[in-house]
Amino acid sequence: TIVSALGFENLLDQLKVIEAAKKVKSIKRFIPSEYGYDIISIKDDPLMIPSKMVLESIKEAELDYTIICCGGFYEFLTSEMFGLNLEKGEADLTGTGD
């Protein structure tokens, strides 16, 4: 398994890693550097283009993958419109929670 931790500016560098992983038969899974938003569900967002390119490359390489979506970095925001209350240590759950 390869776990990528590249920053947003370097997401496309994962394409080189995926290409190399494809050649090593012992590598079965790739965990891309996607620790923010659900790149599969978000449609038509230009910021998701590099992430979607990486995902397509993983699929073409026939690697298993896990995408970890832990949400945006809301700790940098002060608005409660996102359902986050830092003072109380509470957050609203959106979606089904699955």
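Please read these numbers as outputs of a predicted model, since none were measured by experiment. Just so it is clear, the values below take in all heavy atoms, side chains as well, and ignore hydrogens, waters and symmetry mates.
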Close side-chain approach of Ile67 and Pro32, heavy atoms under 4.5 Å: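 Ile67 vs Pro32: side chains touch.
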Side chain of [X], backbone of [Y]: donor and acceptor closer than 3.5 Å?
X     : Y     : result
Glu56 : Met53 : no
Ser33 : Leu6  : yes
Arg29 : Thr1  : no

Quick one: pull up [atom1] in [X] and [atom2] in [Y] and give me the separation to the nearest 0.5 Å.
X     : Y     : atom1 : atom2 : answer
Ile18 : Asp13 : CD1   : CG    : 11.0 Å
Ile31 : Ile2  : CD1   : CD1   : 10.0 Å
Lys16 : Ser57 : NZ    : OG    : 12.5 Å
Asp64 : Lys59 : CG    : NZ    : 12.5 Å
Leu63 : Phe30 : CG    : CZ    : 8.0 Å

Pair Glu19 + Lys22, salt bridge at N-O below 4.0 Å: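 Yes, Glu19 and Lys22 are salt-bridged.
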